[in-house]
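Index from 1, following the sequence.
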Amino acid sequence: MSDMIENAKRALGLVDLTNLNDDCTAEDITELTNRTVTDHGSVAAVCVWPRFVAQAVKELIGTGVKVATVVNFPHGGEDTDAVVAETRQAIADGADEIDLVMPYKAFVAGRKGFAEEQIIRVKAVIPEPAILKVILETGEIKDPLLIHAASNVAIAAGADFIKTSTGKVPVNATLEAAEIMLTAIEEARREDAERVIGFKPAGGIKTSEDAAAYLALADRIMGHNWASASTFRFGASGLLDALIATIEGTESEVNQGY
């Protein structure tokens with residue numbers, strides 16, 4: 001069996017199957033949830049707008065697939081009270097995972113404490129076993145040192161995962177940003193071996209080759225057995241079809257991804 005097929009099988013169970021289109025409908029969510037369990041295994045989660053959380057939870061009962069949603073999305077605003085309220089509602093609706101856009105503009109402007117406080121306050125209203133993923137929006141932060149610093153802020157504030165991007169800006173996931181973020185996770189692991197911090201590249205990951213490149217990077221930095229659904233996710237819409245095509249040998253990888 002080829003390495004590409006093996007990688008595709010490995011990646012399939014790490015997908016957060018996503019629909020964050022502005023015109024998303026309830027019918028689109030049903031179509032999304034119907035795709036989560038495949039002949040080759042299940043995806044890790046769906047990622048949907050907050051208004052669709054309750055529907056997704058209901059449709060995924062018994063599948064083992066988690067429901068993730070986004071808050072402070074996509075602009076990373078500064079109304080922390082509103083973001084906390086949005087998070088509470090999503091948890092009440094049954095969300096397993098909250099993907100929070102860090103107030104990255106405030107962070108880049110030098111207001112590190114503000115960004116940290118927002119993450120801390122959101123984390124405080126997420127009861128275990130629900131988890132918090134913090135979106136850094138690396139394509140907007142740009143500077144490698146600032147991406148590293150943002151990773152450290154999110155980790156220190158309680159992030160269970162750090163995520164590259166919203167998929168809503170010109171530059172989303174890149175291997176360069178991924179390397180910086182995975183390095184920050186590895187540094188945190190050296191300081192506290194008990195704490196689990198995951199990584200989620202998102203935006204523009206469309207092909208099996210893309211997925212394999214990110215997994216190879218994680219293997220190199222974190223070790224071959226590190227990447228699992230509890231530590232690594234792909235945020236994507238079209239990637240699942242590409243992975244299935246690779247596994248089944250029917251490659252037709254023209255997809256759209258978030």
Side-chain angles (χ1 to χ4, degrees), residues 1-19 32-47 60 63-68 96-97 99 129 131 133 135 138 159-165 167 172-186 188-189 193 195-258:
M1 189 176 294
S2 77
D3 287 346
M4 191 54 72
I5 292 173
E6 278 296 316
N7 275 319
K9 287 185 172 181
R10 184 181 175 201
L12 190 149
L14 307 179
V15 170
D16 282 2
L17 188 60
T18 301
N19 188 330
L32 194 75
T33 59
N34 284 341
R35 294 171 58 211
T36 58
V37 181
T38 79
D39 292 341
H40 309 286
S42 301
V43 301
V46 296
C47 188
L60 290 169
T63 63
V65 176
K66 305 289 190 187
V67 175
D96 301 294
E97 303 176 359
D99 289 24
I131 65 168
K133 307 191 200 95
I135 304 169
T138 53
D160 298 295
F161 271 71
I162 50 176
K163 175 178 171 181
T164 60
S165 322
N172 291 288
T174 66
L175 288 167
E176 292 76 16
E179 182 163 13
I180 295 165
M181 294 168 70
L182 284 162
T183 298
I185 292 170
E186 201 279 326
R189 182 175 66 176
R195 183 156 172 221
V196 177
I197 304 155
F199 171 66
K200 179 176 173 178
I205 300 169
K206 300 178 183 179
T207 68
S208 295
E209 288 80 5
D210 291 340
Y214 282 97
L215 286 172
L217 184 65
D219 288 347
R220 176 168 67 79
I221 294 172
M222 302 300 300
H224 189 74
N225 295 320
W226 178 79
S228 70
S230 63
T231 56
F232 193 105
R233 302 288 181 82
F234 291 106
S237 59
L239 178 62
L240 178 61
D241 291 337
L243 296 173
I244 291 171
T246 297
I247 294 166
E248 295 181 347
T250 57
E251 310 237 15
S252 168
E253 298 189 343
V254 182
N255 296 291
Q256 295 179 336
Y258 283 116

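Closest of all the heavy-atom pairs between Ala11 and Leu215 is CB-CD1, 4.1 Å. The shortest non-hydrogen separation linking Phe234 to Ala211 is CZ-O, 3.5 Å. Heavy atoms only, all atoms of each residue included: Ile205 and Leu239 are closest at O-CB, 3.7 Å. Taking every heavy atom of both residues into account, Ala188 and Ile197 meet most closely at CB-CD1, 3.7 Å. Here the closest heavy-atom approach between residue Phe232 and residue Ala227 is recorded as CB-CB, 4.0 Å. Scanning both residues, Ala202 and Thr164, for their nearest heavy atoms gives N-OG1, 3.0 Å.
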Practice item. Go through Thr63 and Ser42 one step at a time and tell me if the side-chain contact (heavy atoms from CB on, under 4.5 Å) criterion holds. Key: CA-CA 8 Å; Thr63 63; Ser42 301; 5.8 Å; no
Point to revise | Met181/Lys163 under side-chain contact (heavy atoms from CB on, under 4.5 Å): CA gap, chis, key distance, verdict | key: CA-CA 9 Å; Met181 294 168 70; Lys163 175 178 171 181; 5.5 Å; no
Exercise for review: For Thr231 and Ile185, run side-chain contact (heavy atoms from CB on, under 4.5 Å): C-alpha distance rounded to whole Å, both residues' side-chain angles, the deciding distance at 0.1 Å, then the answer.
Suggested key: CA-CA 10 Å; Thr231 56; Ile185 292 170; over 6 Å; no
Check your understanding: Under the side-chain contact (heavy atoms from CB on, under 4.5 Å) criterion, do Ile131 and Lys66 qualify, and how do the steps go?
Key -> CA-CA 11 Å; Ile131 65 168; Lys66 305 289 190 187; over 6 Å; no
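Interatomic distance, CD1 of Ile135 versus OG of Ser165, reported as 8.5 Å (0.5 Å rounding). In this structure, the separation between NZ on Lys200 and CD1 on Ile162 is 13.0 Å, given to the nearest 0.5 Å. From Asn7, atom CG reaches atom CG of Asp3 across 6.5 Å, with rounding to the nearest 0.5 Å.
Panel note: side chain Arg233, backbone Phe161; no donor-acceptor pair is recorded below 3.5 Å. Panel note: side chain Thr246, backbone Ala242; a donor-acceptor pair is recorded below 3.5 Å. Counting only distance, with no hydrogens or angles, the side chain of Asp16 and the backbone of Gly235 share no donor-acceptor pair below 3.5 Å. No donor-acceptor pair under 3.5 Å is formed between the side chain of Ser230 and the backbone N or O of Ser228.
Glu186 meets the side chain to side chain donor-acceptor pair (under 3.5 Å) test with Arg190; sequence neighbours excluded. With sequence neighbours left out, the salt bridge (Lys or Arg N to Asp or Glu O under 4.0 Å) criterion links Arg35 to Asp241.
Using a cutoff of 4.0 Å between basic side-chain nitrogens and carboxylate oxygens, Arg10 and Asp219 are scored as salt-bridged.
The environment of NZ in Lys133 is crowded: more than 12 heavy-atom neighbours from other residues, nucleotides or ligands sit within 6.0 Å.
Sorted by first then second residue, the salt bridge (Lys or Arg N to Asp or Glu O under 4.0 Å) pairs that include residues 220-229, not counting sequence neighbours, are Glu179-Arg220.
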